2 protein chains.
Amino acid sequence: MARAATTSDVFNAIAEPQRREILVLLRAGERPVTELARELGTTQPGASKHLRVLREVGLVRDRKAGKLRLYGLDARGLRPVHEWTGEFERFWNESFDRLDAYVQDLKQTRHED
Amino acid sequence: MARAATTSDVFNAIAEPQRREILVLLRAGERPVTELARELGTTQPGASKHLRVLREVGLVRDRKAGKLRLYGLDARGLRPVHEWTGEFERFWNESFDRLDAYVQDLKQTRHED
DNA sequence: CCCTCCTATGCTCATATCGGCATGCGTCAA
DNA sequence: TTGACGCATGCCGATATGAGCATAGGAGGG
């Protein structure tokens with residue numbers, strides 16, 4: 001088995017730096033593929049592929065505008081990520097030195113086997 | 001080139017479901033590898049490898065406790081992710097139908113070439 | 001209709017990844 | 001010392017990935 005498919009998983013989709021950059025760029029508004037490619041400093045096919053991944057996980061939408069195909073941000077999919085990391089917020093400043101009760105229980109349980 | 005190394009990048013580290021699960025489990029407290037492996041329903045080497053990745057990006061710390069090696073959460077590394085996604089918060093409920101000024105400018109610029 | 005531009009795909013290559021298995025090393029107990 | 005246990009690592013295999021390149025398809029202009 002190899003890595004899980006990048007598609008159909010927002011966490012994986014935003015694991016790619018260029019894809020994150022695309023999302024950031026799109027905050028400033030819709031853009032055609034060629035524009036994005038130029039701003040990313042990559043090729044058009046390269047940009048298209050990343051956009052495809054982002055589209056499949058629902059982070060961007062596209063609409064045709066004449067000859068152009070405009071990609072726009074749909075940030076709703078980022079919300080679960082924000083919330084997931086938010087669950088750890090209270091651990092950010094916590095003391096790391098506290099001894100954990102779980103471990104104590106574990107040891108005790110083992111001795112009872 | 002293939003995908004960027006998963007190590008040294010928190011976004012990549014948490015792109016793996018099992019690694020996310022490990023972090024969640026560790027919220028309840030430190031645990032030895034074997035325990036984690038059991039709770040994840042995977043093998044000990046499997047757990048060790050994921051823990052290694054998490055350790056390399058600084059999301060977990062380990063300390064020896066006799067025969068055991070206890071892994072603990074260090075959630076500070078998740079903060080950047082939380083903040084990055086937070087930058088999109090105002091787009092979550094935004095109307096997607098607004099026509100973007102950038103595109104207008106773009107078209108105009110092209111006509112001027 | 002023909003040409004041009006924009007974009008999506010297909011293909012290949014080099015590589016990173018995850019899982020399974022075996023194994024090596026260190027620690028503790030008897 | 002010997003044995004049992006906990007854990008990290010190495011190796012292999014199957015596969016997904018990202019980049020580069022060529023190209024097909026679609027739309028608009030002349």
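Since this is a predicted model, take the numbers as computed values, not measurements. Every chain is numbered from 1, with letters handed out A, B, ... down the list of sequences.
- Here the P atom of nucleotide D/dG18 and the CZ atom of A/R20 are 12 Å apart, to the nearest Å.
- Where A/G66 and A/H50 meet DNA chain D, the nucleotide closest to each residue was compared, and A/H50 sits on the side nearer the 5' end.
- One interatomic measurement links the two molecules: CZ of B/R31 to P of D/dG6, which rounds to 16 Å at whole-angstrom precision.
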Do any N or O atoms of the protein come closer than 3.5 Å to N or O atoms of nucleotides 20-23 of chain D, and which pairs are they?
from, atom 1, to, atom 2, distance (Å)
D/dG20, O6, A/K49, NZ, 2.3

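- In this structure, CZ of A/R55 is placed 11 Å from C1' of C/dT9, rounded to the nearest angstrom.
- For the atom pair B/D62 CG and B/E30 CD, the distance stands at 10.0 Å (nearest 0.5 Å).
- For the pair A/F11 and B/V81, the minimum side-chain heavy-atom distance is 4.5 Å or more.
- Protein atom CG of A/L54 is 10 Å distant from nucleotide atom P of D/dG18, rounded to whole Å.
- For B/S48 against B/V33, the heavy-atom pair with the smallest separation is OG-CG1, 3.5 Å.
- Rotation axes derived from the C1' atoms of the five outermost pairs at either end of the helix from C/dC1-D/dG30 to C/dA30-D/dT1 lie 10° apart, to the nearest 10°.
- Following rounding to the nearest Å, B/D9 (CG) and C/dT17 (P) show an atom-to-atom distance of 10 Å.
- Residue B/T34 places no side-chain N or O under 4.0 Å from the OP1 or OP2 atom of D/dC5.
- Shown here are the ring-ring contact (aromatic ring centres under 6.0 Å, His included) partners of A/Y71, two or more places apart in sequence or in another chain: there are none.
- A donor-acceptor distance shorter than 3.5 angstrom exists from the side chain of A/R31 to the backbone of A/L25, with no hydrogens or angles considered.
- Using a 4.5 Å heavy-atom threshold, the side chains of B/L26 and B/L54 count as separate.
- A/L73 has its side chain within reach of B/F88: a pair of non-hydrogen atoms, C-beta onward, lies under 4.5 Å apart.
- One atom, CZ of A/R19, and another, C1' of D/dG18, lie 9 Å apart when rounded to the nearest Å.
- Of the candidate nucleotides C/dT9, C/dG19, D/dG28, D/dG28 has the atom lying nearest to any side-chain atom of A/K67.
- For B/L70 and C/dT27, the CG to C1' distance is 14 Å, given to the nearest whole Å.
- Within the 4.0 Å cut-off from OP1 or OP2 of D/dG6, not a single side-chain nitrogen or oxygen of B/Y71 is found.
- Across A/P17 and A/A15, no two heavy atoms sit closer than the pair CD-O, 3.5 Å.
- Checking the phosphate oxygens (OP1, OP2) of D/dT9, a side-chain nitrogen or oxygen of B/R52 falls inside 4.0 Å.
- Here the rule is side-chain hydrogen bond (donor to acceptor under 3.5 Å, both in side chains) with A/H50, and of A/R55, A/R19, A/E21 only A/R19 fits it.
- Atoms CG (A/L68) and C1' (C/dT7) sit 10 Å apart, rounded to a whole Å.
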